[in-house]
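Single-structure report; data block below.
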Amino acid sequence: MSLHPSLAAVRGAVRRTLAEIAAAQPHGRLAPDAAVLVACSGGPDSLALLSATVFEGHRHGFRVIGVTVDHGLQEESAAHAAHVVEQMAGLGVDETASARVQVSGGRGPEAAAREARYAVLDEMAQHYGALGVLLGHTMDDQAETVLLGLTRGSGGRSLAGMRRRFGVYRRPLLDVTRADTVTACQVEGITYWNDPHNIDSAYPRVRVRRKVLPVLEDELGPGVARTLARTADQLRADMELLDQLAQTAHDDLRDPDGLEVKALADLPLATRNRVLRLAALEAGAIDSELFHVHVVALGQLVASRRGGAEVQLPGHVTAYLSSGGEDGRLLFRPTAVQG
């Protein structure tokens, strides 16, 4: 009997990702204890991913470790996490792990939960020596990310969407629809959890998912999510090239005496903005709070050539020019805290 198309789509995506991980090992061979982690919330996307990873991973010699993170944001979240652990074990993982995190911070619950979750996954990946951490984001998630970036005017980096891979992390399902992950679970008889946050219209992403994308599909025809995801892939390649050029330029300009203003001004705008961002981050500015407006202000500071001029950056960092004219240098120092 042939495999259901949705199940085949999920397994095929996972198979390709595991093959890439294996090919990157010395001589293209896995060590006997080679492990991959699968982050699992109990929803259809991550459960479909977990099941497919167990199926494909065991065939190719991987140990599969299922990981769930309890953010403590909902009632009975601990009981739900315990249930997910049972589900992961029932699906045949070699080992399960769970952690509870404290979500705090002033940037909203989504951002704070994501930051806490990745911190735990980083620790677990290191603990298990994992060759990869698989995340269950789908094509629909990618389309939502692109639309949110577009409406926020976030520039090419946001429009390029979520990366397929970064560090030890992989997103195998970015070419797979949410409908496929739901169907794959149904075909395999896997009961999944519907996160109440995913239907709470207080979250912009939920409004995009439940209202904006359906309207676009109705008015423009089917395939909008796929087209948006393809746009992200195309932009991602451009962004990565620009980022590489900027990193090289930043490394060339880096100097204990500061970045030379004239050399910065001679850079193309796209490269200069990225160099300024890299310099600010290196000085201690907070990545998640360093916005386009801050980079523009740094560019204006460089263009002013006014010695002593300053720009305040998130993370209690001050950017300033050491002197005026073409001999000026862009420097950074901790912002003095008022008593």
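No path of Ile, Leu, Val, Met, Phe, Trp and Tyr side chains, each step under 4.5 Å between heavy atoms, connects F332 with Y320, placing them in separate hydrophobic clusters. The hydrophobic clustering, which links ILVMFWY residues whose side-chain heavy atoms are closer than 4.5 Å, places L173 and M139 apart. M124 and V38 end up in different hydrophobic clusters when Ile, Leu, Val, Met, Phe, Trp and Tyr side chains are linked at under 4.5 Å. With hydrophobic clusters built from ILVMFWY side chains whose heavy atoms lie under 4.5 angstrom apart, L235 does not share a cluster with M162. Both V182 and V84 sit in one connected hydrophobic cluster of ILVMFWY residues. Membership requires side-chain heavy atoms under 4.5 Å apart, directly or through other members.
Residues T183 and D180 bring no donor and acceptor atom of their side chains to less than 3.5 Å of each other. With hydrogens and angles left out, the side-chain atoms of H58 and D94 include a donor and acceptor closer than 3.5 Å. When only modelled atom types and interatomic distance are considered, D251 and Q247 share a side-chain donor-acceptor pair under 3.5 Å. Looking at E310 and T318, their side chains never bring a donor and an acceptor atom within 3.5 Å of each other. Side chains of Y192 and Q87: a donor-acceptor N/O pair is absent below 3.5 angstrom, by distance only.
In terms of modelled atom types and a separation under 3.5 Å, the side chain of R59 and the main chain of F55 share no donor-acceptor contact. A donor-acceptor contact shorter than 3.5 Å links the side chain of T151 to the backbone of L148. T271 contributes no side-chain N or O that, together with a main-chain N or O of L267, makes up a donor-acceptor pair within less than 3.5 Å. In this structure a side-chain-to-backbone donor-acceptor pair under 3.5 Å is present from H60 to E56. Q312 places no side-chain N or O within donor-acceptor distance of the main-chain N or O of T335, the cut-off being under 3.5 Å.
Proximity of R329 to E260: side-chain heavy atoms (C-beta onward) are separated by under 4.5 Å at one or more points. Under the 4.5 Å side-chain criterion, counting only non-hydrogen atoms from C-beta, T231 is not in contact with L159. The shortest side-chain heavy-atom distance between R209 and D141 falls under the 4.5 Å cut-off. Under the 4.5 Å side-chain criterion, counting only non-hydrogen atoms from C-beta, T177 is in contact with D140. Residues R164 and D233 meet the side-chain proximity criterion, which asks for heavy atoms closer than 4.5 Å. No side-chain heavy atom of R16 sits less than 4.5 Å from a side-chain heavy atom of P172. Put simply, the side chain of I190 reaches to within 4.5 Å of the side chain of S51, judged on heavy atoms.
Atom CG of L281 sits about 10.5 Å away from atom CD1 of I286, to the nearest 0.5 Å. A distance of 10.0 Å separates CG of L37 from CG of L131, quoted to the nearest 0.5 Å. Here the straight-line distance linking atom CZ of R11 with atom OG of S6 works out to 12.0 Å at 0.5 Å rounding. With values rounded to the nearest 0.5 angstrom, T138 atom OG1 is found 4.5 Å from R178 atom CZ. Atoms NE2 and CZ, from H250 and R277 in turn, are 12.5 Å apart once rounded to the nearest 0.5 Å. Atom OG in S41 sits 10.5 Å away from atom CG in L50 (nearest 0.5 Å).
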| message | Apply side chain to side chain contact (heavy atoms under 4.5 Å, CB included) to residues R170 and V133 and explain how you reach the verdict. | response | CA-CA 6 Å; R170 303 289 187 275; V133 178; over 6 Å; no

| task | Applying salt bridge (Lys or Arg N to Asp or Glu O under 4.0 Å), run through R272 and D266 and close with a yes or a no. | result | CA-CA 8 Å; R272 180 166 67 247; D266 289 341; over 6 Å; no

| task | Under the side-chain hydrogen bond (donor to acceptor under 3.5 Å, both in side chains) rule, what do S98 and T68 come out as? Steps first, then yes or no, please. | result | CA-CA 5 Å; S98 64; T68 191; over 6 Å; no

| message | Run the side chain to side chain contact (heavy atoms under 4.5 Å, CB included) test on L135 and L121 for me, step by step, so that the C-alpha distance in whole Å, both residues' side-chain angles and the decisive distance to 0.1 Å come before the verdict. | response | CA-CA 11 Å; L135 307 174; L121 291 174; 4.3 Å; yes

| task | Assess whether side chain to side chain contact (heavy atoms under 4.5 Å, CB included) is satisfied between L220 and V215, documenting all intermediate values. | result | CA-CA 8 Å; L220 301 179; V215 168; over 6 Å; no

| task | Start with the C-alpha gap between R274 and D243, add the side-chain angles, then the distance that decides, and say whether salt bridge (Lys or Arg N to Asp or Glu O under 4.0 Å) holds. | result | CA-CA 7 Å; R274 284 167 170 78; D243 287 344; 3.1 Å; yes

| task | Output, in order, the C-alpha distance, side-chain angles, deciding distance and verdict of side chain to side chain contact (heavy atoms under 4.5 Å, CB included) for V36 and R63. | result | CA-CA 6 Å; V36 289; R63 290 181 64 243; over 6 Å; no

| field | Derivation and outcome, ring pair (Phe, Tyr, Trp, His ring centres under 6.0 Å), residues Y169 and Y118 | value | CA-CA 10 Å; Y169 294 93; Y118 278 113; 5.2 Å; yes

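Considering V302, L321, L301 as possible partners of V311, the one that fulfils the side chain to side chain contact (heavy atoms under 4.5 Å, CB included) test is L301. With respect to E144, the salt bridge (Lys or Arg N to Asp or Glu O under 4.0 Å) criterion is satisfied by exactly one of K211, R205, R207: R205.
Ion pairing between a basic and an acidic side chain is recognised when a charged N comes within 4.0 Å of a carboxylate O; D175 and R230 show no such pairing.
When all heavy atoms of V10 and A52 are compared, the pair lying nearest together is CG1-CB, 3.7 Å. The minimum heavy-atom distance between A81 and D70, with the atom names listed, is CB-CB, 4.0 Å. Counting all heavy atoms, side chain and backbone alike, A13 lies closest to V176 at CB-CG2, 3.9 Å. Between V317 and A285 the shortest heavy-atom distance is CG2-N, 3.7 Å. What you find for A143 and L213 is that their closest heavy atoms are CB-CD1, 4.4 Å. When all heavy atoms are compared, the tightest approach of P222 to E217 is CA-OE1, 2.8 Å.
Note on ring orientation: taking the six-membered ring where Trp is involved, the planes of W193 and H80 are tilted (angle from 30° to 60°).
Counting heavy-atom neighbours within 6.0 Å of R254 CZ, excluding the residue itself, gives a total above 12. Counted within 6.0 Å of CZ on R226, heavy atoms from surrounding residues, nucleotides or ligands total 12 or fewer; the atom is thus considered open.
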